[in-house]
Amino acid sequence: GAGVSQSPSNKVTEKGKDVELRCDPISGHTALYWYRQSLGQGLEFLIYFQGNSAPDKSGLPSDRFSAERTGGSVSTLTIQRTQQEDSAVYLCASSLEVVDYGYTFGSGTRLTVV
Amino acid sequence: SQQGEEDPQALSIQEGENATMNCSYKTSINNLQWYRQNSGRGLVHLILIRSNEREKHSGRLRVTLDTSKKSSSLLITASRAADTASYFCATDGDSEYSTLTFGKGTMLLVSP
């Protein structure tokens, strides 16, 4: 597509429930990234994919967080047993390659855990 | 860990004035990038400057990079109300597969 698409745009969930966030990157972009942003804060790196593999998972906050990417395209970020501190905007971005290219961001998914 | 740190945290100016934002970082880099964010949603890539470059222009934007001081500045000339947004600098590391680390941003308010 023309841009990075994320769904849903907003998600309200009850504490303890699982949620799945989806990212559809720009066609042909090999690198895909997940960040999260809490209110008024900078971006916190979560994970990135080069193709379908995830060389760096160091940013995932806990084992409740997991992500996958299939076919070198769509990625899903899953949060199990959500907690209130998981509330944030989850941003996905893609780039042609990891190094020396700017990122194109989606509009994000605003997750609220109540 | 936080790599880039923007300064000031907030900046308020009148339309037509210039806005200057600064960024400091800690480690060696391949490149430094600036992004704009409106309304707390997706970021828009503005400009990328490589470690062997000292200055880059794009329209009303001018970016400088001083690798000896590990700092960069973003200058927006003749600002407009539409420039109101948060501006973030982002740096990679100097390894082969370094992802971007973002600062906390400068919130710019341009009043008509």
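Note: hydrogens, waters and symmetry copies are ignored here, and every other heavy atom, side chains too, is used. The structure presented is a predicted model; accordingly, all values stated were derived computationally and were not measured. Every chain is numbered from 1 and lettered A, B, ... according to where its sequence line falls, protein lines coming before strand lines.
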Can you list the residues of residues 8-22 of chain A that sit under 4.5 Å from chain B, counting heavy atoms only? A:Ser9, A:Asn10
Measure A:Tyr101 against the heavy atoms of chain B and call it side chain, backbone, both or neither at under 4.5 Å. backbone
Heavy-atom cut-off 4.5 Å, strictly under: side chain, backbone, both or neither for A:Phe45 against chain B? side chain
Between A:Glu44 and A:Gln37, is the side chain to side chain contact (heavy atoms under 4.5 Å, CB included) condition met? List the steps. CA-CA 6 Å; A:Glu44 176 188 1; A:Gln37 185 178 32; over 6 Å; no
Rounded to the nearest 0.5 Å, what separation is found between the CD1 atom of A:Ile47 and the CZ atom of A:Arg36? 13.0 Å
Once you measure the plane-to-plane angle for A:Tyr48 and A:Tyr33, does it fall in the parallel (<30°), tilted (30-60°) or perpendicular (>60°) bin? parallel
Kindly state each residue pair satisfying disulfide (SG to SG under 2.5 Å) with at least one member in residues 44-113 of chain A, sequence neighbours excluded. A:Cys23-A:Cys92
If one checks every heavy atom of B:Leu100 against chain A at 4.5 Å, the contacting part turns out to be both
If the condition is salt bridge (charged side-chain N to carboxylate O under 4.0 Å, His left out), which residues does B:Glu55 pass it with, not counting sequence neighbours? B:Arg62
Sequence neighbours excluded - side chain to side chain donor-acceptor pair (under 3.5 Å) pairs with any residue from residues 75-86 of chain A: A:Trp34-A:Ser75, A:Arg64-A:Asp86
Given side chain to side chain contact (heavy atoms under 4.5 Å, CB included), test B:Leu43 with A:Leu91 step by step and report yes or no. CA-CA 9 Å; B:Leu43 282 73; A:Leu91 293 163; 3.9 Å; yes
